[in-house]
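Data block below; observations after.
Note that the coordinates shown come from a computational prediction; the quantities given were computed from them, not determined experimentally.
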Amino acid sequence: MYHLLIADDEESIREGVADFVRKNCPAWEVVALACDGKEALELVRKTLPDAILTDITMPHMNGLDFLENVRNILPEAKLLVLSGYDQFEYAVQALRLGVEDYLLKPLDTSKLIDALDVIASKLEEDKLRWMQIEQLCEDTKKTNEMELQRYFHAALSGGTLPELSAENASFVQSESTYYCVLCDGPKENEKSLESLLQQRLYGTARIVSLRVGTPGQQVFVVCAQCKESAGFFLRLNHVLTAIAVLYKRMMKCNVHFFIGCIAEQPEKLALSYHQCRRASLYTFPEQAAPVTTYEDVLASKLLPCPVLKENLVRDIVVAAQCENRGEFMRMCDELFSWFVQEEIRDAKFIRMCVLSLCYGIMQKPARETQISYYEFTNFQEEIMAAGSMEELRACFENFVALYWLRKQEEKKPAKTLTKRVNQVVQEHIADVDFSLDDVAAELFISPNYLRQLFKQETGQTFTEFLTAQRMQLAHVLLGNPQSKVCDVAQQVGYADSRYFSVCFKKFYHETPSEYQMELNDERN
């Protein structure tokens, strides 16, 4: 059964034609109805119909503009026009777009049946023709195919090209133009992809399939025996788009193709392959077109740089800093929808936008020590390596979840590093020569790094912290009226009791002796 999409701004006509087709055309299923060209284009991408019946005069996007867009999305779809205008110029434009028939309103239903029967016959003929060509491809013996694969492997890597047998040398040295095509799709479909490509380009090009790059990626060298490179390039683009549509329609999987520059000689294929890889990394799979050329990427990079909406940035940062989980998730939806609505396809730019939001969340009035440098740099690497919009969003949400966790920990009286340092200090508080170097040695951390971390976590230098701990202990020990100042000084790590007294007065604004006298007066 073939799939039909109907687009017309008059509901009665749209629904009436659909009902008629369902009742009288058993070979056809109406898969979508659209009230204007814009809606129809969205439904074309979703339903991938075999044929489209459209009015010409529709709001938002007229039928002819709609069909011109369809040609880029579904190059092999059959097109029908249903119009209330019997105008020659409309008919000429429709024919230029490859329309199968031009039907007039009020609709003669017998002509609609005839038109759909003709289209169904053509679709059947196409299937039969592809099967016959596929058989021809299988019957045609490929001479020294492995030799050609080794040859083009060397060409892609920029290495020295090996010698070829006489027949292959004659083939390579003929008036061929070379195209490097990188395919990103399910690994199990490698053989069928090669067969489809060879089938669709039969008689105009020879395909050499290579295993290069990461799993799931396949590289084809297309050797075109065609002097008109521009015409063949358009045909190649058309064929690759049709194959991608076929995979999505029949196998429910996405296949993306990336084309580098035209290579006039095999030696230039290395550059073409490099450009294929650059094109494949430019955008996320969810946003990638079925076919992307390196020139498409260059053209996109010349467009004005978009800027995130100020209110969107502000609301995301505030929601994260205030730990408003519901609002944060809602704003995340809006953020990633904005990328799609604005048709922003540069994956690196999108990653950098998300990373800038992470920096914004960590800035004041948020506290400065929630997430460690190590944790943040790990998140930065994960964000910049995210392979899809879904993965990128998960990274962002994980970052904010960790930020919230650290904020909760911030409310606790002591942190992990401070506890570890304080434990070592208490064990050695009487050691006169005890210093930060001794703590660093016990914790297996370099002194400079420990000094930096300790300052970040406590807001104090280690010396200030050690002095405070010694003074607090001395304050307790001096509470015993039998304690002598010189003994207490030694117990808290001071060899010189006079220097200890100076430090004590600076900390408590009275000398140790004065403090003991006050305690005695209170007791009496």
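In this structure, the side-chain contact (heavy atoms from CB on, under 4.5 Å) partners of D36, at least two apart in sequence or on a different chain, are K38, E39, P59, H60. With sequence neighbours excluded, no residue forms a side-chain contact (heavy atoms from CB on, under 4.5 Å) with L281. Residues satisfying the side-chain contact (heavy atoms from CB on, under 4.5 Å) test with M329, not counting sequence neighbours, are R393, E397.
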Can you check side chain to side chain contact (heavy atoms under 4.5 Å, CB included) on L67 and V81, steps first, answer last? CA-CA 9 Å; L67 292 179; V81 166; 3.9 Å; yes
Please report the C-alpha distance between L357 and L335 in whole Å, then the side-chain angles of each, then the deciding distance to 0.1 Å, and finally whether the side chain to side chain contact (heavy atoms under 4.5 Å, CB included) criterion is met. CA-CA 11 Å; L357 288 169; L335 170 67; 3.7 Å; yes
Can you check side chain to side chain contact (heavy atoms under 4.5 Å, CB included) on N254 and K248, steps first, answer last? CA-CA 6 Å; N254 290 315; K248 191 168 185 178; 3.6 Å; yes
Test side chain to side chain contact (heavy atoms under 4.5 Å, CB included) on C183 and L193; report intermediate values, then the result. CA-CA 9 Å; C183 173; L193 275 171; 3.4 Å; yes
I'd like to know whether D55 forms a salt bridge (charged side-chain N to carboxylate O under 4.0 Å, His left out) with R14, so could you lay out the CA-CA distance, the side-chain angles of the two residues, the decisive distance to 0.1 Å, and finally the verdict. CA-CA 9 Å; D55 188 11; R14 190 169 67 239; over 6 Å; no
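Two residues are said to be in side-chain contact when any heavy atoms from C-beta on lie closer than 4.5 Å; V222 and F232 meet this criterion. Contact check for L41 versus R45: side-chain heavy atoms found under the 4.5 Å cut-off. Side-chain contact check for H256 versus T292: every heavy-atom pair is 4.5 Å or farther apart. Between E375 and N378 the shortest side-chain heavy-atom distance does not fall below 4.5 Å. For the pair V44/F66, a side-chain contact is recorded, criterion being any heavy-atom separation below 4.5 Å from C-beta on. Residues T54 and V70 form no side-chain contact, since every pair of their non-hydrogen atoms from C-beta on lies 4.5 Å or further apart. When side chains are defined from C-beta on, F399 counts as touching F376, because their heavy atoms get closer than 4.5 Å. Inter-residue side-chain proximity for T57 and S83 is flagged as unmet; no heavy-atom pair is nearer than 4.5 Å.
From Y403, atom OH reaches atom CE of M362 across 8.5 Å, with rounding to the nearest 0.5 Å. Interatomic distance, CE of M146 versus NE2 of H153, reported as 10.0 Å (0.5 Å rounding). Considering CG of N237 and OG1 of T241, their distance stands at 5.0 Å, rounded to 0.5 Å. For the atom pair CG (D108) and CG (L103), the distance works out to 8.5 Å, reported to the nearest 0.5 Å. For the atom pair CG of L271 and SG of C276, the computed distance is 9.5 Å after rounding to the nearest 0.5 Å. A distance of 11.5 Å separates CG in D126 from CD1 in I119, rounded to the nearest 0.5 Å.
Taking each heavy atom of Q198 and I207 in turn, the nearest pair found is OE1-N, 3.1 Å. Of all non-hydrogen atoms in C261 and Q275, the two that sit nearest each other are N-OE1, 2.8 Å. Closest of all the heavy-atom pairs between W28 and L4 is CE3-CB, 3.9 Å. Smallest separation of non-hydrogen atoms from F328 and A320: CD1-CB, 4.3 Å. The shortest heavy-atom contact between P49 and L5 is CG-CB, 3.9 Å. For the residue pair V30 and A18, the shortest heavy atom distance occurs at CG2-O, 4.0 Å.
The residues R345 and D296 are annotated as not salt-bridged, no charged nitrogen and carboxylate oxygen being separated by less than 4.0 angstrom. Salt bridge D333/R330: absent, no basic N to carboxylate O contact under 4.0 Å. By the 4.0 Å N-to-carboxylate-O rule, K111 lies too far from D114 to be salt-bridged with it. Here R200 pairs with E76 in a salt bridge; the nearest charged N to carboxylate O distance falls below 4.0 Å.
Aromatic rings from Y282 and F258 are positioned such that their centres are separated by 6.0 Å or more. Checked against the 6.0 Å centroid threshold, Y178 and Y273 do not count as a close aromatic pair. Separation of the F339 and F349 ring centroids does not fall under the 6.0 Å cut-off.
In the displayed structure, E390 atom CD is contacted under 6.0 Å by at most 12 heavy atoms of other residues, nucleotides or ligands. Within 6.0 Å of atom NZ in K348, 12 or fewer heavy atoms from other residues, nucleotides or ligands are found, so the atom counts as exposed in its surroundings. Crowding of R71 atom CZ: a count of heavy atoms from other residues, nucleotides or ligands under 6.0 Å exceeding 12. Within 6.0 Å of CE in M352 there are 12 or fewer heavy atoms belonging to other residues, nucleotides or ligands.
Not one N or O on the side chain of E100 forms a donor-acceptor pair closer than 3.5 Å with the backbone of L80. The backbone N or O of I344 sits less than 3.5 Å from a side-chain atom of Q287, completing a donor-acceptor pair. No donor-acceptor pair closer than 3.5 Å links the side chain of S337 to the backbone N or O of E334. Of the possible polar contacts, one joining the E286 side chain to the M389 backbone as a donor-acceptor pair under 3.5 Å is found.
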